[in-house]
Amino acid sequence: MAPGAAVSRDIAGPGTTLGAIGYYHQQISDDSGDGAVLGGFRGRTAALGLTASHAFKWENTPIQARLKVLREFNTRNRVEGTAVYLTLSLPFHD
C-alpha cells in the first residue's frame, strides 16, 4: 500500500511546473518464499520532496521532462535515503 500525492503550479509561463510530492509506503503482508530468511520483515517509509517539469517540442515531437527528488524518513525494515527520478514522456508513432 503506497498512497501518494503531488501538487504543482505553473511557473515561468505554461509548460513549466514546480511543486511538492510525497508518499507513504506500508507493507501489509509478511515476506514469504525461499528468500524470506529474516521472517515477516514488514517495511514502511514516508517521503517528501520536490517535483519540476518542463514541456517542449523537439522538431515536431512534444516531450515532457519531469524531475522528482524525494527524501525518505520514518523508515523501518527498508533502506532509507534520497530518491531521484528523471522521466521523459513522448508519444509513440507508427
Side-chain angles (χ1 to χ4, degrees):
M1 177 200 270
V7 294
S8 60
R9 181 166 178 94
D10 286 340
I11 60 169
T16 303
T17 66
L18 182 64
I21 190 169
Y23 66 81
Y24 179 76
H25 171 85
Q26 174 75 51
Q27 183 178 339
I28 58 174
S29 62
D30 289 345
D31 290 345
S32 61
D34 294 338
V37 296
L38 299 175
F41 212 63
R42 293 183 185 194
R44 76 164 181 239
T45 192
L48 291 173
L50 297 174
T51 182
S53 72
H54 182 68
F56 59 97
K57 283 192 173 187
W58 182 47
E59 296 181 2
N60 285 325
T61 303
I63 298 175
Q64 181 177 28
R66 178 172 298 279
L67 178 67
K68 299 177 195 176
V69 180
L70 293 130
R71 176 69 182 148
E72 293 179 322
F73 59 94
N74 192 28
T75 302
R76 186 183 76 186
N77 295 335
R78 291 175 50 101
V79 176
E80 181 177 284
T82 301
V84 179
Y85 303 95
L86 174 62
T87 58
L88 295 174
S89 300
L90 57 142
F92 284 109
H93 295 285
D94 294 336

Review point. Within a strict 4.5 Å, meaning less than it, do heavy atoms of the R44 and N74 side chains meet?
Key: yes
Check your understanding: Does L48 reach the side chain of F73, with side-chain heavy atoms less than 4.5 Å apart?
Key -> yes
**Study point:** Donor on one side chain, acceptor on other, T51 and R66, under 3.5 Å
**Key:** yes
**Study point:** Closest heavy-atom pair and its distance - A65, L88
**Key:** CB-CD2, 3.5 Å
**Study point:** Nearest atoms (heavy-atom pairs only) where P62 meets P91
**Key:** O-CD, 3.3 Å
Check your understanding: Can you tell me if R71 uses its side chain to pair, donor with acceptor, with the backbone of G81 under 3.5 Å?
Key -> yes
Check your understanding: With no hydrogens and no angle check, do the side chains of E80 and T75 hold a donor and an acceptor under 3.5 Å apart?
Key -> yes
Point to revise | Under 3.5 Å side-chain donor-acceptor pair for T45 and H25 | key: no
Exercise for review: Answer whether the closest heavy-atom distance between the side chains of I21 and L70 falls below 4.5 Å.
Suggested key: yes
Practice item. Please step through side-chain contact (heavy atoms from CB on, under 4.5 Å) for the pair T82 and V69, ending with a clear verdict. Key: CA-CA 7 Å; T82 301; V69 180; 3.9 Å; yes
**Study point:** pair V84-K68: side-chain heavy atoms closer than 4.5 Å
**Key:** no
Exercise for review: Measure the CD-NZ distance between Q64 and K57 for me, rounded to the nearest 0.5 Å.
Suggested key: 14.0 Å
**Study point:** Distance (rounded to the nearest 0.5 Å) between I63 CD1 and W58 CH2
**Key:** 6.5 Å
Exercise for review: Count the heavy atoms of every other residue, nucleotide or ligand shown that sit under 6.0 Å from OH of Y85, and state whether that count exceeds 12.
Suggested key: no
